[in-house]
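Written below as structure tokens is the structure these notes are about.
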Amino acid sequence: HGILDPRLPTIVGWDFGVDDPTSLVLGQVVSEDSMHIRWIDEHEARGQSWEYFHAFVAGLWAPIVREVTKLDLIHYGDPSGKNRESALTSWISNLRSREPQIVIIHQPQCGSMLEWIDFVHNTIRKGHFEVTSWCTHLIDTLNNYHWPTDSAGNPVPGKQLPQHDEWSHASSALRYV
């Protein structure tokens, strides 16, 4: 097979950026039981509207996935994407209103951020986490995802959340899947 397996469902994780980049990750579910996902592609941009991302997904990823798998993409996103902007609309409602519809599943996250990080570490250890070479930014993100440090560069003691910076958005998009 090529990069897409025609037998597998294809998913998109969305991390909606407001003052930060919006990050999308495209993957295929190899096994739902073990949450084995093969991450295939990614796209991240800062300062772009929901229209831009709708055009990107509907114009590039959706037709390719439909051609290969005969299935539609399944979208998962940050629950904050349903928050209203100044125009009193949300990214989630806007994406659903435009043809072709992009319906984002935005259930509240299961578990804490630290539980999610443990889950991903275990998934990687079991060999159930694949990232293709097309995902150069995701690979960089995973290599640079880090904890807060003090002025000497040492980890801050205690239970801390990972640093929210340029490397955290693609990881957040993974978390919503």
Side-chain angles (χ1 to χ4, degrees), residues 3 8-50 52-53 56-57 61 73-85 90-92 95 104-177:
I3 195 164
L8 300 177
T10 309
I11 56 176
V12 179
W14 292 70
D15 179 46
F16 303 105
V18 177
D19 294 326
D20 293 320
T22 293
S23 186
L24 308 180
V25 290
L26 178 74
Q28 284 197 295
V29 180
V30 176
S31 169
E32 194 169 334
D33 292 337
S34 64
M35 282 304 295
H36 182 164
I37 298 175
R38 179 182 309 115
W39 297 105
I40 297 169
D41 201 7
E42 69 202 346
H43 183 65
E44 185 171 284
R46 176 185 293 275
Q48 296 295 335
S49 67
W50 68 267
Y52 167 86
F53 286 98
F56 173 82
V57 170
W61 284 352
L73 291 167
I74 303 166
H75 299 268
Y76 296 91
D78 180 353
S80 70
K82 65 182 178 183
N83 295 343
R84 294 180 180 194
E85 298 175 336
S90 72
W91 275 56
I92 288 176
L95 290 165
I104 308 285
I105 299 167
H106 56 277
Q107 302 303 322
Q109 300 174 44
C110 296
S112 70
M113 168 92 71
L114 297 176
E115 289 169 328
W116 174 80
I117 291 169
D118 287 343
F119 172 78
V120 170
H121 284 173
N122 288 331
T123 303
I124 291 169
R125 278 189 213 100
K126 293 175 185 174
H128 296 163
F129 190 93
E130 299 175 45
V131 180
T132 68
S133 59
W134 286 71
C135 297
T136 56
H137 180 69
L138 181 57
I139 293 167
D140 289 343
T141 292
L142 295 170
N143 285 328
N144 289 290
Y145 200 60
H146 62 278
W147 306 99
T149 56
D150 62 21
S151 58
N154 299 312
V156 175
K159 284 191 174 184
Q160 303 289 331
L161 295 178
Q163 195 70 38
H164 180 97
D165 61 12
E166 65 186 291
W167 303 110
S168 62
H169 303 287
S171 294
S172 292
L174 294 176
R175 190 170 71 244
Y176 302 120
V177 170

Residues Ile40 and Gln28: closest non-hydrogen pair is CD1-CG, 3.4 Å

On a heavy-atom basis, the closest approach of Trp91 and Gly17 is CZ2-O, 4.4 Å

Distance (rounded to the nearest 0.5 Å) between Ile117 CD1 and Asn122 CG: 12.0 Å

Kindly give the heavy-atom pair with the smallest separation between His106 and Asp78, and that separation in Å. CB-O, 4.3 Å

side-chain contact (heavy atoms from CB on, under 4.5 Å) filter on His36, not counting sequence neighbours, yields Val30, Ser31, Ser34, His128, Glu130

Atom CG of Asp20 and atom CD of Glu166: how far apart are they, to the nearest 0.5 Å? 11.0 Å

For the residue pair Pro9 and Ile74, what are the closest heavy atoms and their distance? CB-CD1, 4.3 Å

Assess the pair Phe56 and Trp61: is the distance between their ring centroids shorter than 6.0 Å? yes

Working note: Trp167 + His137, criterion side-chain contact (heavy atoms from CB on, under 4.5 Å); need CA distance, chi angles, decisive distance, verdict. CA-CA 9 Å; Trp167 303 110; His137 180 69; 4.0 Å; yes

I'd like to know if the side chain of Glu42 reaches the main chain of Ser23, judged simply by a donor and an acceptor atom lying under 3.5 Å from each other, with no hydrogens or angles considered. no

Rounded to the nearest 0.5 angstrom, the CG-CG distance for Leu174 and Leu138 is 5.5 Å

Distance-minimising heavy-atom pair for Ile104 and Tyr76: CG2-C, 3.9 Å

With a 4.5 Å heavy-atom cut-off, do Val177 and Val29 have their side chains touching? no

Decide if atom CH2 of Trp134 counts as having more than 12 heavy atoms of other residues, nucleotides or ligands within a radius under 6.0 Å. no

So how far is it from Asn144 CG to Gln163 CD, rounded to the nearest 0.5 Å? 12.5 Å

If you measure from CZ on Phe16 to CH2 on Trp50, what distance do you get to the nearest 0.5 Å? 12.0 Å

In this structure, NE2 of His169 is separated from OH of Tyr145 (nearest 0.5 Å) by 10.5 Å

So do Leu95 and His75 actually touch side chain to side chain, heavy atoms under 4.5 Å? no

Within the structure provided, determine whether Val12 and Leu26 are in side-chain contact (heavy-atom separation under 4.5 Å). yes

Residues that Pro155 engages under side-chain contact (heavy atoms from CB on, under 4.5 Å), provided they are two or more places apart: none

Stepwise side-chain contact (heavy atoms from CB on, under 4.5 Å) test for Trp147 and Val156: CA-CA 8 Å; Trp147 306 99; Val156 175; over 6 Å; no

Closest non-hydrogen atoms of Ala170 and Glu44, given as atom of the first, atom of the second and distance, are N-OE1, 3.8 Å

